[in-house]
Amino acid sequence: MELLFLKAALVVYLISSLGYMCSLYVRRVLAAKVSTWVLFAAFILHTVFFALRYWKTGQPPVISLHETLSFFAWAMAGIYLAFQLKTKTRVLGAFVSPPTFLLMIVASPGLGGHVSLPGVLQSNLVPVHVILAVTGEALFALASCAGAMYLIQESMIKNKRTSGFIRIFPSLTDLDRINHICLMWGFPLLTLGILVGSIWARTAWGSLWQWDPKQVWTLTAWFAYALLLHQRLAIGWKGRKAALFSLAAFVILLVSLFFINIFFVTAHTFI
Amino acid sequence: MNLILIGMNHKTAPLEIRESLSLACGDSINPLIEIMNIPQIKEAIYLSTCNRVEVLAHAVDEESAVEKLKSFIFNHGNLSPDDMARCLYLYYNHDAVRHLFRVASSIDSMVMGEPQILGQVKDAYRTAVEHNASGIMLNKIIHHAFRTAKRVRTETGIASNAISVSFAAVELAKKIFGNLQGKTVLLIGAGEMSELAAKHLLNYGVEKIFITNRTYARAVQMADNFHGTAVDFEKLQEKIHDVDMIISSTGAPGYVIDVSMITASLRRRKNRLLFLIDIAVPRDIDPAVGEIDNVYLYNIDNLQEIVDGNLQIRKKEAEKAEAIIDEEVTNYREWYNTLEVVPTIVSLREKMEGIIRGELAKSGAWMENLTEEERKNIEGLANSIINKILHDPITGLKEESRENGALPYIAAIRRLFGLD
């Protein structure tokens, strides 16, 4: 039953991504507006999937790798849609919706099956750790979407090429503000996520910190974001440099999120 | 359909002629009343703007109506017959409809895509309605024209993008800052274009304008115009620390703003974005300033390039608009053509119903023996046979009228069923 909603969400995510692409191609905001509503529909379907899954299994569906990816996608779409309530940056969706769809493609084959948890994961702290950390990471993902858009538009304006698709981009100031707000919220969430993870690690593995490759990379990314936040708040970094730096920090985070589990031996691999 | 459109626009008539005609019509007489006094004209709309004077009329006798309209224009415009031949255009029926659609969609305007014309057409229509000059025919056409104009506006980019240098500057500012509310601008030197840009910026919510000039008195004088603040030229550097935009147009031979002045202010600006517009020739701002992070510099040529590009876009969009107009003219034609077959369909039905009534009356004698219900059934049967027989010809007639014009079919049906 819940898989039906998942499949529907997947299809609707695809439609919204295509819609956004189309809006860039025809340079009309209208297409992006429609796509935003389509994305909202996908988000609702996805939410129903989560609710049904939670109800069926009795635990938040965020534990396995696939579930985490699906939650990542859900958080990204949700945060982007929340931004639309305040600042109408429709076309930003062209940078948000496709990655969301791709995440869902990767995540969906492993969703819905029976997940048997090893004893070590049967703690209430685990879902809290995942939800906090992944929401923080989704905010960083959105920050880098806005950052990427900022950099593209910035270089076009600098080089006096303003007639292309950047015509329908949100203004530099709006993109910079989204980048900033995402950092401001993402950083404390990731911090809390890491702390909760450590507390759990103490009960499960006996110590707060293991120098596991995944932990090290995440901590590196955390330091990068801490530095960026400091530069933004204390030094007054804005615009290009901040956008560039947030992209770089996100690359480190991506390594920790995806590549570590494939190329390194890590204790942070469960199911 | 007996439609006439007669008029002149900026392409066909020089300003003096348009002027004298629209002046004559504006002051002393009410042109609509005079036009409606022409007996051959049943409905009329009179449109007069600075770029065109047009009359759209629904007439009974086209030829004599046109003659009367021409003499109306001749009387009021003081035109020689030569001028008349040169300046006037005359469209009939579907061509008149198409012309009206093009005018309302701003394709026929001097500045293609300008938004005023639709409002002017609406005003002209309102006047016509007030004078009872617009009836079934023109009402339908005008509303169709409004719909076409709306489609052109929303489905093409004909009205988007700046086509003047000062508006291009405003659009860039919006691209950089988003909302211009609370932003501040510094004008250096005077000049028509920089004042125009400043006026546009104020319209878009810019909070404060500072003005500086080598002659302080001139700055004060300009500041009065914009409710701005005059700034001593010596304090230029200090203002660079504060403002979001600078528009420079001095007559100075060298650079008024160089790289060091901007870099000196970067720290105090806390990297806030700075948008510089250099309208002066020779240039006021060192081009190297544009290389600095978070600083954007556009000169007059850059802005002109944007405008040229936008004009190209408008031309391309105009092609799309023409396609929409074609489509809408076809829609209108189809609607009108179905109108043509309506009387034939009505008389065909009347004829058939007459036959049924006649036959029932003839059979009255033997039908008396039947019960009420049986009589009803027989009437129902006759009606449904007629409906079945008529269904295909009527559908066919409507289809033909939409596609090709149904005159031959109308004629055939009238002849075969003896409807005339």
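Lettering follows sequence order; numbering is per chain, from 1.
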- Message: Tell me whether the count of non-hydrogen atoms from other residues, nucleotides or ligands lying under 6.0 Å of CZ in Phe146(B) goes above 12.
- Response: yes

- Item | Heavy-atom donor-acceptor pair, Ser109(B) side chain to Met112(B) backbone, under 3.5 Å |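 No.
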
Establish, from distance only, whether the side-chain atoms of [X] and [Y] form a donor-acceptor pair under 3.5 Å.
| X | Y | value |
| --- | --- | --- |
| Tyr20(A) | Thr36(A) | yes |
| His180(A) | Arg232(A) | yes |
| Ser70(A) | His46(A) | yes |

Heavy-atom proximity to chain A below 4.5 Å, by part of [X]:
| X | answer |
| --- | --- |
| Leu303(B) | neither |
| Lys174(B) | backbone |
| Glu155(B) | backbone |
| Glu305(B) | neither |

- Message: Only pairs of heavy atoms separated by less than 4.5 Å count here; which of Arg240(A), Arg177(A), Arg161(A) has the most with chain B?
- Response: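 When all of Arg240(A), Arg177(A), Arg161(A) are compared, Arg240(A) has the most.
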
- Can you tell which of Leu297(B), Asn302(B), Asn179(B) has the highest number of heavy-atom pairs within less than 4.5 Å of chain A?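 Highest number of pairs under 4.5 Å: Asn302(B).
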
- Top of Leu172(B), Leu273(B), Asp293(B), Ile313(B) for chain A proximity - count of heavy-atom pairs under 4.5 angstrom: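 Result: the option with the highest number of such pairs is Asp293(B).
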
- Arg102(B) and Glu322(B): CA distance, side-chain angles, deciding distance, salt bridge (charged side-chain N to carboxylate O under 4.0 Å, His left out) verdict: CA-CA 8 Å; Arg102(B) 293 185 82 243; Glu322(B) 295 281 9; 2.7 Å; yes

- Considering only heavy atoms, which portion of Arg28(A) lies under 4.5 Å from any heavy atom of chain B: side chain, backbone, both, or neither?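 Answer is side chain: those atoms of Arg28(A) sit under 4.5 Å from chain B.
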
- Message: So for Glu154(A), is it side chain, backbone, both, or neither that comes closer than 4.5 Å to the heavy atoms of chain B?
- Response: both

- For the residue pair Ser256(A) and Leu254(A), establish whether any side-chain heavy-atom pair is separated by less than 4.5 Å. no

